[in-house]
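Keep in mind that what you see is a predicted model, and the values were worked out from it rather than measured. A, B, ... follow the sequence lines: proteins, then strands. Residue 1 opens every chain.
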Amino acid sequence: MYCDNLENLCFRRSLIQMNENKGIYRFNEIEKKWQEFWENSKTFKAKDCDKLKPKYYVLDMFPYPSGQGLHVGHPEGYTASDIVARYKRMKGFNVLHPMGWDAFGLPAEQYAIQTGTAPEATTKKNIDNIRRQIKSLGFSYDWDREVNTTSPNYYKWTQWIFLKLFNSFFDKNEQKAKSIEQLPIPEGLSEQEKRKYIDEHRLAYEAEVAVNWCPELGTVLANEEVIGGVSERGGHPVFRKPMRQWMLRITEYAERLIDDLSEVDWADSIKKLQHDWIGKSIGANVDFKVDGCDETIRVFTTRPDTLFGATYMVMAPEHRLVDILTSPDKKEAVQKYREEAVRKSDLDRTDLSKGKTGEFTGAYAINPVNNEKIPIWISDYVLISYGTGAIMAVPAHDDRDYEFATKFDLKIIQVVQPEDEKQSELVKQGKLCFAGDGIAINSGQFDGLRTPEFKEKITAWLNEIGQGNKAINYKLRDWLFSRQRYWGEPFPIIHTEDGQVISLDEKDLPLELPKVEDYKPSGNGEPPLSNVTEWVNITLPDGTKAVRETNTMPQWAGSCWYYLRYLDPDNNEKGWDTEKEKYWMPVDLYIGGAEHAVLHLLYSRFWHKFLYDLGYVTVKEPFKKLVNQGMILGEDGQKMSKSRGNVVNPDKVITDYGADSMRLYEMFMGPLEAIKPWSMHGVDGVHRFLQKLWRLVVEKEAGGLNNNVKDVQADEETLRLLNQTIKKVGDDVESFGFNTAISAMMILVNHLSKLDTVPKKAVEQIVLILAPFAPHIAEELWQTLGHSDTLVYEPWPQYDKELIKEKEIELAIQVNGKIKDKIVVPADTDEKQIKQKALSSEKVVAAMAGKEPKKVIVIKSRLVNIVV
RNA sequence: GCCGAAGUGGCGGAACUGGCAGACGCGCGGGAUUCAAAAUCCCGUCCUGGCAACAGGGUGAGGGUUCGACUCCCUCCUUCGGCACCA
């Protein structure tokens, strides 16, 4: 821990010195000066459709403007992206680097409930604060493109995209979305049936979905607000309750969302995360007839080859056939089990999954392969939301079924023979479950087939007899797109008296969020907007009455497409202009936290593909390159949090050390993607580096250029080091190795400050390569060096390949892999000479102890290894 | 349980494609400067033994491949993050 008092003392002293001394590095003044200059001259304004330069779009994940303001984690990603943005400008690119606010969301609403403050007011205040903080770091954003998801001029287009989704369907054959008007409608439908058919095909649709309903609070809770079956606030019981919700058909895009991952340059681990989240599995649907009635139960299985081993079936408690099939004597027990299951939240179900539970329905199904009667059970280990909500249970070859069968003493039949005989014997005796591939046994005419072949054959056979077909399932579910909240985008949707759901006209957008007095939920599960009767109740042009949709959109909605609004933020006619989209898209570099690796990126990709289908965007994938910054921990190595008291406030760091030191330290801490702890001492270190560079360039007493800095030719070593540094910093920025780039610059400055006369050219070049990292001091020094214009658009220094090469190289000489001596040879010495020189070294001769070398390995410019 | 990331000095970290482990920074020790301090500069700083030259050991643990392994392979341990019975 650093000492507050001591530091304040030092700071006051340096203030005193400032007044005496013109040559002091007054970072606060300098930073203010250049931030004002950049803002007033609109230095970072990006020019649309500039054909003279290649474009480069660097995007940050825009922040939620919380009341706490920035924490030091935010500027980490922003600094990295800013370095790349500034570097690319110097490399001659037309750079788009925007910033905005993802400002809808729960905290402002909760604050409104507690204090009555309008979310607009809270949000504005928070944005103003966080904007000030971001600006104080000197990032090179084009502020004319600032967006705010809560401004009607922005959410007009969020609503517009929703309308497009509502008015589109997915053509499965062509694997793309089309206007709902092109939907082929089966003949012979009544008007009402036709309407229903259309509604069932919209990409935005209504459905009854179970949500976390808390009667005490009179509201629906998000999963993270429910802990162990009770509400986080107050600890009231929470139930699963089906409610009408808006859904988006993201599952239609599952295949494309998987396929197009191959087009983007993201870390493999993130791609895998998305891939697994979508969770494609290939198998078969199989229909089981129910004994003694007309119903059939359809199951999905990835192992149709184990059908002969299916000894019972399990349906999810919520399955529609449970009521119909349950025999009278089992009704009571089954009903009780169902009620308990409904009361459990998803989390509870897993917590209680230590042991399996279930009830027998009293009904039997017929196994299509051998006509055996098998019992039908219900259990909550089968999920209603995946596959068909029912399974065939093969206890010999599925761990979950095995556990269940053992507990309830159900029949186990082995149908797959593993290679290992001992293993096979155990499976046969029912003492082991084997889930791998093997050879079919006890499977009638299919005996002897290997698992993959068997799967194909039996699927074909099921198809023939009309009791099954090949099927693909995804873990991915449709996107629950409505929230029972106030502070979100209103749906441009109207419910008519006769139960129709109609959409607003595009020209009637935006549908503005009405002002309300009370932000509390209505208490009956209806969203807060339902209290605003004068807004909700409307009269249609034909005189009939109707009500508005009172749900609002989730926070994801606004963040799904913000990167497009930056392209054309003030356009009132369109969300964005196509020419501009063609010029700027895709995003070349997207930097943000790994916590958004799945949901935000998946939702965003989904909307983008949808917009692509409709022709509003011209690239398939929005984000070409993605980099996730790691979390920054407190000085105690713990996650920063108010309660731990280890939160570092960026404002204080900037006041005490300056924005340049802050930026430099954030990058110097370690690799961008790593999790790393904060250290004030570390900030001190990079600050000293800037001080050192300052003293190198600026005359101590009078200010202005230091007398030591002269227009002289640099010596060979300086020249070599300078060129090496230019190369290294450039390469490192390209590969996001910012920490090593800074260390290279430190080495160069250490070298330069030892010289009696410092070549001006060298100083100019170090200032230029430092500029993306520490832009304020760089501008100031650039000016001191006699340049009148900003260095933002100065070309990035070039290095000379010849000058980089070392004249002499040091080689390590190993004997049997152990270093015994080092020799220095001219760089162009050939292998033979090196070998000779190595073998003649006294120490080497001693280490060889008179033995003959068996082998001599020479790695040019590295080492020599003598094997004896 | 499954998936992913990572384990290197007192600390943050560096090491190209298998080629001198510990760059750079912090901290610490010593010195210079100063009336004194701050700041700055210089020297030292992986561990063990030795006054030293030097010798030996060392990248979570164990094994393997190789002339040579922080780096590749196998087994295990620990930490962090994510997921939750997906048939």
Side-chain angles (χ1 to χ4, degrees), chain A residues 6 9-10 13-14 17 267-270 272-273 276-277 279-281 283 299-303 306 314 346-347 349-351 353-354 356 379-383 385-394 397-401 403-404 435 473-477 594-595 597-598 630-631 633 635 637 639 664-665 668-671 673-686 688-689 691-692 695 700 731 737 739-747 750 753-754 810-819 821-822 843 853-868:
Chain A
L6 188 68
L9 195 69
C10 304
R13 285 226 168 97
S14 66
Q17 284 178 343
D268 285 339
S269 57
I270 300 286
K272 190 177 182 314
L273 221 55
D276 292 351
W277 188 268
K280 178 180 182 176
S281 47
V299 303
F300 172 73
T301 176
T302 54
R303 293 296 300 269
T306 60
V314 186
D346 281 352
L347 269 173
R349 278 199 186 185
T350 31
D351 281 349
S353 75
K354 307 284 185 284
K356 298 246 181 308
S379 172
D380 62 9
Y381 85 90
V382 173
L383 310 173
S385 50
Y386 183 76
T388 60
I391 61 155
M392 62 178 212
V394 186
H397 305 291
D398 181 286
D399 291 312
R400 298 151 298 183
D401 298 343
E403 197 192 323
F404 191 82
N473 256 297
Y474 301 93
K475 278 205 280 191
L476 182 70
R477 298 175 201 167
E595 66 272 22
V598 180
M631 206 188 342
L633 306 172
E635 299 213 61
K639 209 169 172 167
L664 218 47
Y665 177 64
F668 188 64
M669 291 172 84
E673 292 174 81
I675 299 168
K676 44 216 176 270
W678 185 268
S679 155
M680 263 327 161
H681 286 303
V683 186
D684 224 2
V686 293
R688 284 207 275 256
F689 159 66
Q691 289 275 13
K692 200 168 195 171
R695 285 196 306 272
K700 201 165 93 192
D731 291 352
N739 52 335
T740 46
I742 294 167
S743 119
M745 290 188 279
M746 285 173 167
I747 294 170
N750 284 344
S753 53
K754 280 179 191 135
E810 194 191 48
L811 296 174
I813 316 295
Q814 300 179 330
V815 176
N816 284 341
K818 299 208 169 195
I819 292 166
D821 199 8
K822 288 182 181 185
K843 286 174 186 165
K854 271 192 224 156
K855 205 171 170 188
V856 180
I857 295 143
V858 178
I859 308 294
K860 267 200 123 183
S861 81
R862 292 276 178 203
L863 53 70
V864 181
N865 190 9
I866 300 162
V867 188
V868 295

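- Residue A:I859 is in base contact, counting any heavy-atom pair closer than 4.0 Å across all strands shown.
- B:rG9 adopts a syn glycosidic conformation, its chi angle falling within 90° of 0.
- OP1 or OP2 of B:rG18 has not a single side-chain nitrogen or oxygen of A:R862 nearer than 4.0 Å.
- Comparing the P positions of B:rU8 and B:rU71 gives an interatomic distance of 13 Å, to the nearest angstrom.
- In this model, the phosphate group of B:rU66 is not approached by any side-chain N or O of A:N865 to a distance below 4.0 Å at OP1 or OP2.
- Separation of the C1' atoms belonging to B:rA21 and B:rC70 is 8 Å when rounded to the nearest angstrom.
- The closest side-chain donor-acceptor pair between A:K692 and A:N750 falls under 3.5 angstrom.
- On the P atoms, B:rA61 is 10 Å away from B:rG9, given to the nearest whole Å.
- If you take atom C1' in B:rG13 and the same atom in B:rG25, they sit 9 Å apart, rounded to whole Å.
- Nucleotides B:rG68 and B:rA87 place their P atoms 47 Å apart, quoted to the nearest Å.
- Nucleotides B:rC77 and B:rA53 have their C1' atoms positioned 41 Å apart, rounded to a whole Å.
- The phosphate of B:rU79 has neither OP1 nor OP2 within less than 4.0 Å of any side-chain N or O from A:K639.
- Using atom P as the reference point in both B:rC28 and B:rA38, the two lie 12 Å apart (nearest Å).
- Pair assignment for B:rA55 gives B:rU48, based on Watson-Crick or G-U wobble hydrogen-bonding distances that are each under 3.5 Å.
- Note on A:K692: a side-chain N or O is less than 4.0 Å away from OP1 or OP2 of B:rC41.
- Note: CD (A:E635) to C1' (B:rC26) measures 12 Å, nearest angstrom.
- Rounded to whole Å, the separation between the P atoms of B:rG60 and B:rA14 comes to 14 Å.
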